[in-house]
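So the structure is just underneath, and the comments pick up after that.
Only heavy atoms go into these numbers, but all of them, side chains included; no hydrogens, no water, no symmetry mates. Just so it is clear: chains get the letters A, B, ... in the order the sequence lines come, proteins before strands, and each one is counted from 1.
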Number of protein chains: 2
Amino acid sequence: MGVRVSSANSLTVDELGSAAQRDRRKRILDATIALASQGGFDAVQMRAVAEQADVALGTLYRYFPSKIHLLVSALQREFERTEAALRDRPVEGDTTADRVINVLKRTTRGMQSDAKLTEALTRAFMFADASVQAEIHQVGMLLTSMLTRVMRPEDHDELTEEDVAIAKVIGDVWLSALVGWVTGRNSAAETGQQIEVAVRLLLRD
Amino acid sequence: MGVRVSSANSLTVDELGSAAQRDRRKRILDATIALASQGGFDAVQMRAVAEQADVALGTLYRYFPSKIHLLVSALQREFERTEAALRDRPVEGDTTADRVINVLKRTTRGMQSDAKLTEALTRAFMFADASVQAEIHQVGMLLTSMLTRVMRPEDHDELTEEDVAIAKVIGDVWLSALVGWVTGRNSAAETGQQIEVAVRLLLRD
DNA sequence: GGACAAACTGGAACGTGTTCCTATTCTAGG
DNA sequence: CCTAGAATAGGAACACGTTCCAGTTTGTCC
């Protein structure tokens with residue numbers, strides 16, 4: 001059954017590739033982001049990505065074995081950038097809940113400002129099966145660590161099990177809220193509300 | 001933009017159809033469930049559904065305008081059955097948290113016993129866009145009411161805003177956990193654990 | 001520089017969701 | 001019973017993800 005971790009290719013290319021390979025990979029991801037920003041999930045067509053990245057279709061599939069891998073890898077790159085940007089800026093808010101809410105709302109706002117892109121990446125994330133496990137796990141870790149860092153900005157080493165559990169629950173709610181928004185079931189305001197309510201329920205101290 | 005609520009057909013057929021139409025609709029959903037149980041999301045191929053339901057492809061599309069609509073409608077029917085079955089049986093557990101956990105674990109176990117079917121239905125649910133809003137909303141309401149009923153079995157009318165908010169958060173976590181399990185990222189045990197942790201965090205009284 | 005392997009190109013081909021069209025069958029109203 | 005209109009059958013056609021292949025270019029080792 002489909003529990004093959006077939007991302008060996010992209011990983012290899014990612015880590016050991018020549019300059020030309022790194023450049024191709026970057027061009028492909030850039031094209032992916034551009035097309036997704038413009039037209040969302042449906043607009044990220046493999047032939048279009050290949051053409052815009054100036055790469056043959058077969059080569060595209062050599063770097064990313066499926067459209068889902070492609071989009072999740074793009075998500076991973078974007079998320080790493082977001083996380084790095086967040087690392088620099090100070091976190092406002094006195095209570096833990098305030099800080100978490102601020103960070104999540106800031107991030108959510110950033111994603112909502114590029115709705116089509118977010119739709120494409122979120123869809124891919126939700127549709128990814130076990131063959132994309134590595135990339136998915138990476139994103140999940142980034143999110144959790146983003147949250148715990150905000151929760152315990154000083155003594156990040158002394159996280160309790162409960163802290164981590166809370167961060168994970170918040171991550172789950174955030175994901176559900178995002179899916180609701182992406183699929184047009186919730187407005188942006190409702191999405192923010194949904195997250196805020198969850199955080200206040202979980203962090204009342 | 002795709003924000004058309006194009007489910008008028010299936011709704012009409014559902015509510016006002018002749019006996020023959022109700023029968024066709026049932027045959028189609030039965031075929032969908034059968035194929036999904038056997039081979040999951042990928043095995044629910046529109047041509048196969050049509051053939052097994054003894055219906056032309058065009059007719060299938062007349063009843064359900066897309067594969068996603070088809071699967072979400074199937075999910076809705078299954079969920080209504082689950083909810084009805086749950087209504088009869090008494091809820092075990094002394095504390096609120098215990099009851100909620102029991103219900104969720106029971107439901108989750110039921111879904112995990114037909115993994116392929118659950119995979120198909122969950123995938124469809126996560127992929128559904130605004131055009132399936134009506135059906136999705138229905139399922140969400142069922143889930144929330146299922147949870148609040150278990151939380152306040154006696155005085156179900158006196159639900160506080162917080163009760164409903166908690167139920168929604170739990171629903172979000174359940175959905176995320178389900179997606180994690182369906183996509184092969186979490187084991188069944190981890191899924192149950194994930195839900196239990198969230199419930200205990202949210203219902204500590 | 002030459003030889004070999006790996007990577008890339010260009011494009012054909014296949015599967016499945018979706019659309020469309022024509023002929024046939026069913027259903028309701030007279 | 002007859003007829004107009006709706007619903008269905010049967011199947012061709014199209015779009016896009018994916019696979020595959022033959023020929024060419026690139027990179028590496030001697």
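No donor-acceptor pair under 3.5 Å is formed between the side chain of Arg99(A) and the backbone N or O of Glu92(A).
Test Leu178(B), Val44(B), Asp114(B), Leu75(B) against Leu121(B) for side chain to side chain contact (heavy atoms under 4.5 Å, CB included) and you get one pass: Leu75(B). Under the side chain to side chain donor-acceptor pair (under 3.5 Å) rule, Arg77(B) has a single partner from Asp30(B), Thr32(B), Thr82(B), which is Asp30(B).
Read 5' to 3', the first and last nucleotides of DNA chain D with an atom closer than 4.0 Å to a heavy atom of chain A are dC16(D) to dT19(D).
The cationic atom of Arg22(A) (NZ for Lys, CZ for Arg) does not lie both less than 6.0 Å from the six-membered ring centre of Tyr63(A) and within 45° of the ring axis. The cationic group of Arg47(B) does not satisfy the cation-pi geometry with Tyr61(B), failing either the under 6.0 Å distance to the six-membered ring centre or the 45° limit from the ring axis.
In terms of position on DNA chain C, the residue among Gly58(B) and Ala20(A) whose nearest nucleotide sits closer to the 5' end is Ala20(A).
The aromatic ring centres of Phe41(A) and Phe127(B) sit less than 6.0 Å apart.
Across every non-hydrogen atom of Glu83(B) and Ser145(B), the tightest pair is OE2-OG, 3.8 Å.
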B/S/- contact track for nucleotides 12-18 of chain C, protein heavy atom under 4.0 Å
-B--BBB

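In this structure, Ile28(A) places its CD1 atom 12 Å from C1' of dA7(C), rounding to the nearest Å. Computed from coordinates, the Asp54(A) CG to dT9(C) P distance equals 7 Å when rounded to whole Å.
The neighbour count for Glu190(A) CD, taken as heavy atoms of other residues, nucleotides or ligands under 6.0 Å away, is above 12.
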